[in-house]
Protein chains: 2
Amino acid sequence: MKLSPDIAHQLVANGIRLTRQREEVFGILLQKRDHPTATELFLRAKKHMPSISLATIYNCLDALVVSGLVKQVNVNRAPTRYCANLKEHSHFYCESCGTVSDVETPVKKGWSLPGGYTVSQAEVSLRGLCPKCSKTNL
Amino acid sequence: MKLSPDIAHQLVANGIRLTRQREEVFGILLQKRDHPTATELFLRAKKHMPSISLATIYNCLDALVVSGLVKQVNVNRAPTRYCANLKEHSHFYCESCGTVSDVETPVKKGWSLPGGYTVSQAEVSLRGLCPKCSKTNL
DNA sequence: CTAGGTGCAAAAGGTTTGCGGTTAA
DNA sequence: TTAACCGCAAACCTTTTGCACCTAG
């Protein structure tokens, strides 16, 4: 997992230390892009680092989010999920199999909002059936 | 609060009973369109119906959401909020004062998603500064 | 060396569940 | 009448917090 240089740079730029735990969490997020929850990350991290604690997972996630390496994704009525894809994209929650996948954002750039609102962040959440489940449900 | 005919029709169409508690919860949602959380709804409902319980608020919300009278709104890392505005719109979360307001959806209809995804629901969540806070922060 | 991070355990919300009594239809 | 619903309390799950020990810089 040769990612230290990148992550180190980003963390240092935000005055945050690089620790083995943060590397581990970030590495997992890069490995399998399935938007795990904090608890899922905890279980996976324990395989390589049995002594890691859930509180540390949350701490690491905060550090990674603050330094812009990771984004939070919220799906209705479900625990927060995390993702390391920083390109502009939307999240698609499959109502059949529950997976969350990145999809191309079906909207054009240039958000103009009447009424004096200053937009700093936009998130598009989609729900429906993923390609796999669309076929199965025929 | 003369809303029984509408709500009754919608509920009955979904095989759900009209109860005083559900009327109360729906009424509150219509009164002050500030996207309250379940706990906020509970506190407001208790003023007119002191014996109502939080579990009932959740039950009522489920019934209202299932029957399409109310929508759920999720803001990152915050409790679920509810809204009775069924027109197409987005939600704007003000990072300064924490209010959630309905705003015109800055995207055009006709979501076309490549790759075989079937979209059943789309939600656009925006974050930033509301008009009031934009002025204050000058 | 030492500020910041880790691990543990306990607490704090938000939400769900089980159950005896109540009520809309 | 009776299936659905209510209120209560306990359970559940995610997330936060406090604190002693540890470690990256």
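Because only heavy atoms are used, hydrogens play no part in the values below, and waters and symmetry mates are left out as well, while side chains stay in. Chain A is the first sequence line, chain B the second, and so forth, proteins listed ahead of strands; every chain is numbered from 1.
- At C:dG14, none of the side-chain N or O atoms of B:Thr80 fall inside 4.0 Å of OP1 or OP2 (strictly under the cut-off).
- The distance between atom CD of B:Glu40 and atom C1' of C:dG14, rounded to the nearest whole Å, is 13 Å.
- When the P atom of D:dA24 is taken as reference, atom CG of A:Leu11 falls 14 Å away, rounded to whole Å.
- Proximity of A:Thr56 to the phosphate of C:dG5: no side-chain N or O atom is located under 4.0 Å from OP1 or OP2.
- Picking from D:dG7, D:dG25, C:dT6 the nucleotide with the shortest atom distance to the side chain of B:Ile52 gives D:dG7.
- The phosphate of C:dT15 (OP1 or OP2) has a side-chain N or O of B:Tyr58 nearer than 4.0 angstrom.
- At whole-Å resolution of the value, CZ in B:Phe26 and C1' in D:dC5 are 19 Å apart.
- A salt bridge is defined here as a Lys NZ or Arg NE, NH1 or NH2 lying under 4.0 Å from an Asp or Glu carboxylate O, and A:Asp62 with A:Arg22 fails to meet this definition.
- For the OP1/OP2 pair of D:dG7 and a distance below 4.0 Å, the side-chain nitrogens and oxygens of B:Gln21 include at least one atom meeting the criterion.
- Residue-to-nucleotide contacts include no donor-acceptor pair under 3.5 Å from the side chain of B:Arg17 to the base of C:dA25.
- Residue-level contact check: A:Ala38 touches the backbone only, with heavy atoms under 4.0 Å from sugar-phosphate atoms and none from bases.
- Between B:Tyr82 atom OH and C:dG14 atom P the separation is 12 Å, expressed in whole Å.
- Without hydrogens or angle criteria, A:Gln10 side chain to A:Ile7 main chain gives no donor-acceptor distance under 3.5 Å.
- Dashed line: the shortest gap from a side-chain N or O of A:Ser51 to OP1 or OP2 of C:dG7 is under 4.0 Å.
- Between the side chain of A:Ser134 and the backbone N or O of A:Cys130, at least one donor-acceptor pair lies under 3.5 Å.
- For A:Pro79, whose side chain is taken as the heavy atoms from C-beta onward, the closest listed nucleotide among D:dT14, C:dT6, C:dA24 is D:dT14.
- Rounded to a whole Å, the CD1 atom of B:Ile57 is 18 Å from the P atom of C:dT17.
- Between the C1' atom of D:dT23 and the CD1 atom of A:Ile16 lies a distance of 17 Å, rounded to the nearest Å.
- For B:Arg44 and B:Asp34, the salt-bridge test passes: some basic side-chain N is under 4.0 Å from an acidic carboxylate O.
- Of the candidate nucleotides D:dC8, D:dT17, C:dG14, C:dG14 has the atom lying nearest to any side-chain atom of B:Thr39.
- Regarding contacts with the backbone of C:dT6, a side-chain N or O of A:Arg22 is found under 4.0 angstrom from either OP1 or OP2.
- Looking at B:Asn14, its side chain never comes within 3.5 Å of a backbone N or O of B:Ile16 through a donor-acceptor pair.
- The CG atom of B:Leu54 sits 14 Å away from the P atom of C:dG13 (whole-angstrom rounding).
- A straight line from CG of B:Leu61 to C1' of C:dT16 spans 14 Å, rounded to a whole angstrom.
- Comparing B:Asp62 and B:Val12 along DNA chain C, the residue whose closest nucleotide (by nearest heavy atom) sits nearer the 5' end is B:Asp62.
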